[in-house]
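Notes for the one structure printed next.
The basis for the numbers below is simple: all heavy atoms, side chains too, and nothing from hydrogens, waters or symmetry mates. In what follows, chains carry the letters A, B, and so on, assigned in the order in which the sequence lines appear, proteins first and then strands, with residues in each chain numbered from 1.
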There are 2 protein chains.
Amino acid sequence: MAAPLSDNPPADPSSPGAERQRDPDRTRVEILDVATREFSEQGYAGARVDEIAAKTRTTKRMIYYYFGSKEQLYLAALERAYATIRSTEQELDIEHLQPVEAIRRLAELTFDHHESHPDFIRLVSIENIHGAKHIAKSESLPGLANPALDVLTRILERGRADGDFRDDADALDVHMMISAFCVFRTANRHTFNAIFDRDMLDPTHRDHYRTMLGDMVLEYLTACRGR
Amino acid sequence: MAAPLSDNPPADPSSPGAERQRDPDRTRVEILDVATREFSEQGYAGARVDEIAAKTRTTKRMIYYYFGSKEQLYLAALERAYATIRSTEQELDIEHLQPVEAIRRLAELTFDHHESHPDFIRLVSIENIHGAKHIAKSESLPGLANPALDVLTRILERGRADGDFRDDADALDVHMMISAFCVFRTANRHTFNAIFDRDMLDPTHRDHYRTMLGDMVLEYLTACRGR
DNA sequence: CCTGTAATGAACTATCTGGTACGTTCACGG
DNA sequence: CCGTGAACGTACCAGATAGTTCATTACAGG
C-alpha cells in the first residue's frame, strides 16, 4: 500500500544489459531512500549517519561526497518528498465534475495520497518540531505553490456561483480542514491507538474515515443548502 | 497566553518566610519544566541532558538522582503533560446545555485548551515519531480514560434522541475530528506558514478558526436537519 | 546540640557520532 | 590503449554526550 518516495525502478535499464558498478544516480537515490526512512522513523537528531550508510550498498563517505552534511542530506530528503507529493497532485483531474462531487473527490484523493505516503507526513512532523527552519533554508520549498490549492480555489468559485457553497469558504481554510483530518490520522496514529485503542489506519476503518472526511467537508461547505 | 504545564506557584509559601536551600519538590518540578520545554523544542534525541541541567538551578546529577535516565525523564515529562491536560478536562461543565450548544462549547474549550498547551501537542508529536513506545512502557498512560470523551458520549446520545444529530455519529470519531483540527493548527503551524504564508496561530485569525471548527463539527452532526 | 540521611555538586569516563584524510578503482574520451 | 577525473572505500579523529564516582552539605528528628 505505502509507496516509496522515489519513483525510480529497481534497476535502471537506460544503458542496456549489465549492472553498472559505478552508478552515481542510483547511489544518490538509494541514499535518499534510506535517509528518508531513517529520518522519518528516528527524527533528525535521532537518525544516525552511520546507520543510514550501513543500510545502503555504499558507505558514509558517499553521503558526504554527494550531500555534504547530515543537515543537507535531511533537507534533500525533505525536498524530494515535497516534490514527489506535488507531482502526484498535478495529476488530479476533477475540474470537469460538479462542485459538490469535485470536492468529495478531492478530499478522497488527498486522503488516499496521505495514506500512501506516511514517510512524508512524518518528515513534515519532524520539520515542525524544528520550527520549519530547514524549509526556510531551502531554495525550492518556501512558498512552493500547491497545485491542489489552485484547483480547489476554482472549484469553490464555481460552487459559490452556483449557490451550492457558503460564501465565506476560503480555499486555504478548506485545504487546511482536509489536511488536518488526513495528517492527524497518520501523524497521531500511535498515541491515539495507545490511549483509545483504535488504530485509525486499520484497513477495517478506512472507508468509514474516507466517507466521514467527505461528509465533513461537504456539510461544512453546503451548510443546509439542500444539496 | 500559553500556560506552563506545571500549576505550581513560582515560590512555595507552605513553609512560611525564607527560601529553602534544599527543596526536593521544587527541584523536581523545575527539572520537569525545563525538560518539557527542551524535549518539545528539540525532540527526544535532540534534547541534551547537559542543556536541560544548565537551564535549571541545579545540576545534571540531580536529573539522574530523581529520574534515573534521560528516557525516564522524558517519560515523566510526558506523563505530567497528559495529567495536566486531563485535569483541565475534568472541569468542563457543559452537560446542562442543549446538545447543539454543548457541542460548540466543547469544541471551543478543546480549541482554547490546545492553544494554551503547545508543549503538550509537540510532545505528543514527538511521541508519535517514536511509535508511542514510551507511552506503552508507562504504567499510567495506556488506556488513560478521557473525561471529555465521556461527556461527549452523553451529549451525542441526547442529541440523537432529540433528532438533532445524525445516527452514525460515534463519540470517538467526533473527538478525533475536533482533535485533528486543533492539533494540526499547532503541530503543523511552521510548515504551513512556510509553504502558504499563513500563521494559523496568529491572534488575528483565532476567532475565525474557532468558529470554523464549531461550524464544521455541527454541520457534520446535524447534516441538514434544520438545526 | 548532635547525627543520620536525603539532597547536592564537581569532575570524570566510556562510548558514540558527525565529519575527514588519504588512498584506490572504475569508466570513458581521445 | 591510456590517463584523467569522477566515484568509491578504509581508517581515523575530535568533540559531544549519557551516565557515574565520590565527596560534601543542609536539615529534620532526637
Side-chain angles (χ1 to χ4, degrees), chain A residues 8 11-36 38-39 41-78 126 130 133-134 137, chain B residues 12-35 38-39 41-77 126 130 133-134 137:
Chain A
N8 62 310
D12 181 6
S14 64
S15 60
E19 291 271 328
R20 292 181 41 183
Q21 293 196 9
R22 303 260 169 127
D23 192 335
D25 291 339
R26 192 177 58 70
T27 302
R28 261 190 80 100
V29 167
E30 192 178 346
I31 292 173
L32 273 180
D33 286 343
V34 176
T36 299
E38 288 296 302
F39 281 125
E41 286 174 6
Q42 313 284 342
Y44 174 73
R48 302 289 166 227
V49 177
D50 281 302
E51 187 64 20
I52 293 171
K55 292 183 176 172
T56 297
R57 270 174 297 178
T58 182
T59 64
K60 182 165 62 158
R61 178 71 186 78
M62 286 298 95
I63 293 176
Y64 286 92
Y65 183 71
Y66 284 116
F67 298 98
S69 70
K70 181 183 183 180
E71 193 170 357
Q72 286 173 274
L73 173 61
Y74 168 80
L75 183 57
L78 192 66
I126 289 162
H130 298 99
K133 70 176 174 188
H134 303 98
K137 277 184 198 171
Chain B
D12 181 7
S14 64
S15 60
E19 292 270 329
R20 294 180 40 184
Q21 294 196 8
R22 302 259 170 128
D23 192 335
D25 290 340
R26 191 176 58 69
T27 301
R28 261 190 79 99
V29 168
E30 192 178 345
I31 291 173
L32 273 180
D33 286 343
V34 176
E38 289 296 303
F39 281 125
E41 288 175 5
Q42 314 284 344
Y44 174 72
R48 301 291 167 223
V49 177
D50 281 304
E51 187 64 20
I52 293 171
K55 292 185 176 172
T56 298
R57 271 174 298 179
T58 182
T59 64
K60 182 164 61 160
R61 178 71 185 76
M62 288 296 94
I63 292 176
Y64 286 93
Y65 183 71
Y66 284 117
F67 298 97
S69 70
K70 182 182 182 181
E71 192 170 358
Q72 286 173 276
L73 173 62
Y74 167 80
L75 183 56
I126 290 163
H130 299 99
K133 70 177 174 188
H134 304 98
K137 278 185 197 170

- Message: Does C:dC16 have OP1 or OP2 under 4.0 Å away from a side-chain N or O of A:Arg48?
- Response: no
- Task: May I have the distance from A:Tyr64 (atom OH) to C:dG19 (atom C1'), rounded to whole angstrom?
- Result: 5 Å
- Whole-Å distance, B:Gln42 CD to D:dA16 P, equals 16 Å
- Task: Please tell me which of the listed nucleotides, C:dT20, C:dA7, D:dA18, lies nearest to the side chain of B:Val49?
- Result: D:dA18
- Could you check which residues of residues 66-73 of chain B get a heavy atom under 4.0 Å from DNA chain C? Sort them by number, please. B:Tyr66
- A:Glu51 CD to C:dG18 P: how many Å, rounded? 11 Å
- Item | Value in whole Å for how far the P atom of D:dC8 lies from CD1 of A:Ile31 | 8 Å
- Item | Given C:dA7, D:dA6, C:dT17, the nucleotide with the shortest approach to the side chain of A:Tyr65 | D:dA6
- So do the side chains of A:Lys70 and A:Phe39 get within less than 4.5 Å of each other, counting heavy atoms only? yes
- Task: Using a 4.5 Å cut-off on heavy atoms from C-beta on, say whether the side chain of A:Ile52 contacts that of A:Leu73.
- Result: yes
- Message: Between P on D:dT25 and CE on B:Met62, what's the gap in Å once rounded to a whole number?
- Response: 15 Å
- dist A:Glu41:CD -> A:Thr36:OG1 (nearest 0.5 Å) comes out at 10.5 Å
- Item | Gap between atoms CD1 and C1', on B:Ile63 and D:dT20 respectively (whole Å) | 14 Å
- Message: To the closest 0.5 Å, what do you measure between NE2 (A:His134) and OH (A:Tyr74)?
- Response: 5.5 Å
- Message: I'd like to compare against my own output: the B/S/- annotation of nucleotides 10-15 of chain D with a strict under-4.0 Å heavy-atom distance to protein.
- Response: B-----
- What's the closest nucleotide to the A:Asp50 side chain, out of C:dA7, D:dA7, C:dG18? C:dG18
- Task: Enter the distance from B:Gln42:CD to B:Ile126:CD1 here, rounded to the nearest 0.5 Å.
- Result: 9.0 Å
- Message: If I take atom CG in residue A:Asp25 and atom P in nucleotide D:dA6, what distance separates them, rounded to the nearest angstrom?
- Response: 15 Å
- Item | Whole-Å distance separating the CD1 atom of A:Ile52 from the P atom of C:dG19 | 11 Å
- Which part of the nucleic acid, if any, lies within contact of B:Ala47, taking any heavy atom under 4.0 Å across all strands shown: a base, the sugar-phosphate backbone alone, or nothing? sugar-phosphate
- Item | Side chain to side chain, A:Ile63 and A:Thr56, heavy atoms closer than 4.5 Å | no
- Query: Does B:Thr58 place a side-chain N or O at less than 4.0 Å from the phosphate oxygens OP1/OP2 of C:dA7?
  - Reply: no
- CZ of B:Arg48 to CD of B:Glu38: how many Å apart, nearest 0.5 Å? 10.5 Å
- At what distance, to the nearest 0.5 angstrom, does OH of B:Tyr66 lie from CG of B:Asp25? 8.0 Å
- Find the distance between CD1 (B:Ile31) and CE (B:Met62) and round it off to the nearest 0.5 Å. 7.5 Å
